Amino acid sequence: MHKLEQILPSILDQATPSTDVENTPLADACNSVVAQPQISQINVPPQDNSAMDGFAFNYDQIEENQPVTVSQIIYAGTSPTPLAPNTAARIFTGSEIPAGANTVVMQENCEYDAELKQVIIKKLPAAGDNIRRQGQDIAIGQTVLAQGTRLKPQDIGMLASIGIDKIPTIKKPTVAIFSTGDELVEPGQALAPGKIYNSNRFLLATYLHALGCNTVDLGIAKDTHEDTVNILEKASQYDCIITSGGVSVGEADFVKQAVEHLGKLDVWKLAIKPGKPLAFGNINDTPFFGLPGNPVAVFVTFLLVVKPFLQKTLGNNTPLTTRKFQAKFTVKRPGIRQHYMRVKINAENQLESFPNQSSGILSSVSWADGLAIIPIDTTVQEGDWLDVILLNDSVF
């Protein structure tokens with residue numbers, strides 16, 4: 001068995017960063033990877049504007065508790081005239097500050113007589129208060145997103161705020177996925193005796209979409225050498241192949257021998273738990289990942305191996321981050337594989353382990369906040385500090 005830290009660099013060496021760029025409409029760009037630095041051509045906000053509903057005035061010309069003429073009303077989206085001396089302007093949130101004004105007072109601190117067009121400021125703010133300055137958010141010439149950024153919803157909103165409607169992104173790789181096993185049926189179908197639902201297909205497709213990949217689902221391969229070979233040949237026309245199941249040593253596990261028949265296998269078996277029966281190689285120069293059949297093992301091996309590989313092809317080399325937490329459990333028997341234990345962070349900021357760490361218990365991943373890393377030949381006592389991969393930070 002290969003140790004993950006020893007074999008992962010050689011796997012990543014075979015990931016070729018893509019140089020293909022496509023111009024993606026902003027509405028479709030979430031999870032895509034930025035191909036070129038994005039530089040703002042405008043200021044945001046474009047002019048000084050009001051941070052609240054109230055009255056704009058020149059701080060040096062107005063006194064507290066004295067009536068002041070309201071010389072204009074400024075609505076958002078309109079262009080004001082210069083403020084007449086010794087007057088105030090009725091102003092609304094987001095409205096442009098008129099020339100001659102340098103402060104805004106909130107309307108709650110005023111008495112306003114709309115008929116007389118007068119306002120009395122009961123409590124003066126500090127000079128310059130309640131104004132959003134031109135370029136306060138983003139300035140002309142500012143780099144707002146670096147090359148290699150994977151676009152999140154908030155990034156999309158920021159790009160829209162500077163007027164961008166299309167963005168150059170790394171062309172999304174197309175990943176062919178399929179499952180193996182005569183026992184699998186699709187959700188929505190009746191579950192006959194001896195059958196199970198194909199959860200891995202949905203787990204992988206969703207994960208790939210979140211990474212910014214296109215997917216082609218080739219279905220379920222029958223438990224025969226011939227059918228496995230045929231689907232692998234079809235899959236090899238795409239940018240990457242990911243299978244789930246069929247890479248162990250059972251009599252009905254045909255993926256390993258089919259890959260060796262069509263291409264080559266560089267890795268088979270990792271010293272991790274869950275996820276030992278992981279395969280990596282290529283078919284017609286198309287990278288191939290054979291993930292285990294158990295769904296938790298699929299989740300863990302994708303996170304640890306497949307995700308960094310695909311990120312490198314997309315030019316988005318974001319490493320997994322870990323944080324240290326204290327264990328509120330024990331591990332008395334050292335393992336021969338590095339264990340990625342499903343854990344939850346409790347109210348005391350300590351780790352609790354899921355009671356059943358079987359690789360078939362997919363509900364444990366939904367329950368978990370992270371994966372605690374238990375190194376090979378290591379026991380754990382309560383209070384020990386462990387490195388934890390936080391799932392909310394690492395998955396999407």
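The structure displayed is predicted, hence computed values, not measured ones. When reading the values below, keep in mind they use all heavy atoms of this one structure, side chains included, and skip hydrogens, waters and symmetry mates.
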**Request:** Count the heavy atoms belonging to other residues, nucleotides or ligands that lie under 6.0 Å from CD of E63, then report whether that count exceeds 12.
**Result:** no
**Path from M106 to F55 over hydrophobic side-chain contacts below 4.5 Å** = no
**Message:** Listing request: all ring pair (Phe, Tyr, Trp, His ring centres under 6.0 Å) pairs with a residue in residues 341-383, at least two apart in sequence or in separate chains.
**Reply:** F354-W367
**Message:** Could you check whether Y340 and Q338, counting side-chain N and O atoms only, form a donor-acceptor pair closer than 3.5 Å?
**Reply:** yes
**Side chain proximity check, V34 to I167, heavy atoms < 4.5 angstrom** = yes
**Request:** May I ask you to check whether Q134 and D48 show a side-chain donor-acceptor distance below 3.5 Å?
**Result:** no
**Complete:** The reported gap from CD1 in I177 to CD1 in I231 (rounded to nearest 0.5 angstrom) is 12.0 Å
**Prompt:** For the side-chain contact (heavy atoms from CB on, under 4.5 Å) test, which of I373, I374, V331 pairs with L386?
**Reply:** I374
**Charged N-O contact under 4.0 Å between E260 and K264** = no
**Asked** For D28, which residues count as a salt bridge (charged side-chain N to carboxylate O under 4.0 Å, His left out) partner, sequence neighbours excluded?
**Response** none
**From T379 atom OG1 to D384 atom CG, the distance as rounded to the nearest 0.5 Å** = 7.5 Å
**Request:** State plainly whether one hydrophobic cluster holds both Y112 and M52, where clusters connect Ile, Leu, Val, Met, Phe, Trp and Tyr through side-chain heavy atoms under 4.5 angstrom apart.
**Result:** no
**F309 and F289 aromatic centres sub-6.0 Å** = yes
**Prompt:** Should the pair E186-R201 be classified as a salt bridge under the 4.0 Å nitrogen-to-oxygen rule?
**Reply:** yes
**Asked** Can K122 and E111 be counted as an ion pair, charged N to O under 4.0 angstrom?
**Response** yes
**Side chain to side chain, I242 and L204, heavy atoms closer than 4.5 Å** = yes
**Request:** Determine, for D387 against K324, whether the closest basic-nitrogen to carboxylate-oxygen distance falls under 4.0 angstrom.
**Result:** yes
